[in-house]
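Take a look at the structure set out below.
Only this structure's heavy atoms are used, side chains among them; waters, hydrogens and symmetry mates stay out. Quick note: residue numbers are just sequence positions, from 1.
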Amino acid sequence: MNTIAYYILTAIIACFLGILIGYIFRKKTAEAKIASAEEEAVKLLEEAKRNAESRKKEAILEAKEESHRIRLEGEREIRDRRNELQRFERRLLQKEENLDKKSDSIERKEESLQKFEAELNTQKNSIAETLQQQMSELERISNLSFDQAREILLARVQDEIKHETAMMIKEYETQAKEEAVKKAREIISMAIQRCAADHVAETTVSVVALPNDEMKGRIIGREGRNIRTLETLTGIDLIIDDTPEAVILSGFDPIRREIARNALEKLILDGRIHPARIEEMVEKSQKEIEQKIREEGEQATFETGVNGLHPELVKLLGRLKYRTSYGQSVLKHSIEVAHLAKIMAAEIGADVVLAKRAGLLHDIGKAVDHEVEGPHVAIGAELAKKYKESPEVIHAIAAHHGDEPFQSVEAVLVAAADAISAARPGARRETLEAYIKRLEKLEEIANEFEGVEKSFAIQAGREIRIIVKPDKIDDASSVSMARDIVKKIEENLEYPGQIKVVVVRETRAVDYAK
């Protein structure tokens, strides 16, 4: 027990001594570090003081240099200002000297002017006396007073001015006409280009295809009763000839012909062909065509933008789809005239709504001209009046063929649009024989002139080109020849639109390099 107690006591003492020794060692180490840090701080402080002193000296030096530089710049600027002031003073002195010289010169001129005015007054008095003497002498010689002579002179001058004024007015009128023709051509050509209407050519016959030739016998019926019933109900002739698998419907009334074609197609499709069925199909086709006529009229008003038409006028417009003029569909023609009149009215500032309305209705009389006596122009005007159209529209319809004098710009535009639509290439057809004769006559007229070598009618007879002999026809004569040919064509030919005459003369310049 004593031994254990001894060891424990020894261990405690050893621990205490170790702690004491460690404490003493750490203290000395800390004191050494503190001393070292204090020495370092002192060194850094001294170094900072030295740096501050050096920077202070550098700043003072830079400030001195900047001050010196500023002083030098100020002295230089003051010197430049002084030199500029000196130059300005010299210029002022020079200007003062110049002003003094000019003042002296002006004074001298004033003196000379005063002398000149005095001399001028003297001469004026002398001239006045001389003029008075001359006037007196002239009055004595001519036996006329001054007032009488002045009246005679003024009368002559007035006559000359009137003549010159008349010449100027004539020149301006000619120029205005040329400008008006040029402008009109531009407007018409632009309207034609902007109006893209199609042309539908109709004929007086319709062809109905048959599924086979046996169907012809069924259409004819026993003892021809079927074909007679169909012809009686529709008023159209059925031509059943040797044409394979086809029946031709012939008639001048396009609406009846369309009803017959529609009814016959329905009968062929149905297969039951007998008088009662024919009567039923014809009646059904009539109702369908009437509905189609209304739809076509409404479509025309929609396409042209014409609103507020009477329903009967809309129906009459639809009937124009089945009415042709020289092969041109009158409904398509009326729509095209409405578009052309609208475009031209917009270009010249006229009433666009009135122009297109009158253009659409201008041929409305053709819808019933086979039922009512009289020209279509008068019939159309009466129809427009009957269905409460405006007086302007009625007048445009009545005047579009020149039957009445034009009273509005819109009426003139409708007539011009009607002529343009009818004369456009492809709009209307003519028989081949008449077409060939017109081309031959055109070339014949050109070949009659002396000096013509060849002539060619081109562009469907709307242009003729004439080749002349250059040794017989010069440039001036070619212009005169073109004008003479135009006059002869106008006198001897009837044609739609206009014919362009082109005289071509070849000019050759030949030389040789030696």
Would you check if K472 and V468 make a side-chain contact, meaning some heavy-atom pair closer than 4.5 Å? no
Check: I473 main-chain N/O paired with R505 side-chain donor or acceptor under 3.5 Å: yes
Checking H395 against E404 for the side-chain contact (heavy atoms from CB on, under 4.5 Å) test, could you report, in this order, the C-alpha distance in whole Å, the side-chain angles of both residues, the deciding distance, and whether it holds? CA-CA 8 Å; H395 166 68; E404 293 184 6; 3.6 Å; yes
For A384 versus I397, what's the shortest heavy-atom pair and its separation? CB-CD1, 3.8 Å
Between H376 and H400, is the gap from one ring center to the other below 6.0 Å? yes
Any sub-3.5 Å donor-acceptor pair from N125's side-chain atoms to N121's backbone N or O? yes
Evaluate the side-chain proximity of M344 to I348: yes if any heavy-atom separation is below 4.5 Å, no if none is. no
Any donor-acceptor pair under 3.5 Å from S67 side chain to K64 backbone: no
For the pair R465 and E463, find out whether any cationic side-chain nitrogen is under 4.0 Å from an anionic carboxylate oxygen. yes
Is it true that a side-chain atom of E453 and a backbone atom of I467 form a donor plus acceptor pair closer than 3.5 Å? no
Would you confirm whether the ring centroid of H362 sits within less than 6.0 angstrom of the ring centroid of H333? yes
Applying side-chain contact (heavy atoms from CB on, under 4.5 Å) to D418 and H401, what does each step give before you reach the verdict? CA-CA 9 Å; D418 178 50; H401 278 319; 3.4 Å; yes
Do L383 and L316 make a side-chain contact, defined as non-hydrogen atoms from C-beta onward lying under 4.5 Å apart? yes
How far apart are the closest heavy atoms of V501 and I485, and which atoms are they? CG1-CG2, 4.0 Å
Hey, which of L313, L317, I335, N307 is the one that makes side-chain contact (heavy atoms from CB on, under 4.5 Å) with T301? L317
Check R69 with E73, please: is the shortest side-chain N to carboxylate O separation under 4.0 Å? yes
Kindly give the heavy-atom pair with the smallest separation between A381 and I394, and that separation in Å. O-CG2, 4.0 Å
Got a second to check how far E448's CD is from E444's CD, nearest 0.5 Å? 5.5 Å
Less than 4.5 Å apart, side chain to side chain, heavy atoms only: is that true for E392 and S408? no
Interatomic spacing from CD1 in I106 to CD in E111 - rounded to 0.5 Å: 12.5 Å
Between T304 (side chain only) and A300 (backbone N and O only), is there a donor and an acceptor less than 3.5 Å apart? yes
Got R357 and E389 here, is their nearest side-chain heavy-atom distance under 4.5 Å? yes
Quick check: do N83 and Q86 have side-chain heavy atoms less than 4.5 Å from each other? yes
Mind checking whether I445 and I464 have side chains closer than 4.5 Å, heavy atoms only? no
From L61 CG over to R55 CZ, what is the distance, rounded to the nearest 0.5 angstrom? 15.5 Å
Hey, are K386 and E312 close enough for a salt bridge, meaning a charged N less than 4.0 Å from a carboxylate O? no
Strictly distance-based, threshold 3.5 Å: is any side-chain N or O of S103 a donor or acceptor partner for the main-chain N or O of L99? no
For the CD atom of E296 and the CD atom of Q291, what is their distance to the nearest 0.5 Å? 11.0 Å
Quick check: do L360 and V337 have side-chain heavy atoms less than 4.5 Å from each other? no
Closest heavy-atom pair and its distance - N447, S455: OD1-OG, 2.8 Å
So, taking the atom named NZ in K115 and the one named CG in L113, what distance separates them when rounded to the nearest 0.5 Å? 11.0 Å
Do Q123 and E119 get their side chains close enough for a donor-acceptor pair, meaning under 3.5 Å? no
Identify, with sequence neighbours excluded, every residue that meets side chain to side chain donor-acceptor pair (under 3.5 Å) alongside E117. none
Regarding K366 and D363, does a basic nitrogen lie under 4.0 Å from an acidic carboxylate oxygen? yes
When rounded to the nearest 0.5 angstrom, what distance separates CD in E39 from CD1 in I34? 12.5 Å
Contact summary for V414 and A355, nearest pair of heavy atoms: CG2-O, 3.8 Å
Check this for me: does any side-chain nitrogen of one of R81 and E77 sit under 4.0 Å from a carboxylate oxygen of the other? yes
side-chain contact (heavy atoms from CB on, under 4.5 Å) between L361 and L309, worked out: CA-CA 10 Å; L361 297 176; L309 285 180; 3.8 Å; yes
Check the pair Q114 / E110 against side chain to side chain donor-acceptor pair (under 3.5 Å), numbers first and verdict last. CA-CA 6 Å; Q114 290 176 356; E110 285 181 353; 5.6 Å; no
Determine whether a donor-acceptor pair (N or O, by modelled atom type, separation under 3.5 Å) exists between the side chain of R294 and the backbone of K315. no
Heavy-atom closest contact (A415 atom, F406 atom, distance): CB-CZ, 3.7 Å
Tell me whether the count of non-hydrogen atoms from other residues, nucleotides or ligands lying under 6.0 Å of CD in Q94 goes above 12. no
Pair R71-H68, side-chain contact (heavy atoms from CB on, under 4.5 Å): steps then yes or no: CA-CA 5 Å; R71 186 172 63 254; H68 181 66; 2.7 Å; yes
K488 to F449, cation-pi by 6.0 Å centre distance and 45° axis angle: yes
Would you confirm whether E410, through its side chain, and A345, through its main-chain N or O, come within 3.5 Å as a donor-acceptor pair? no
Donor-acceptor pair, distance only, cut-off 3.5 Å: does the side chain of S334 make one with the backbone of V330? yes
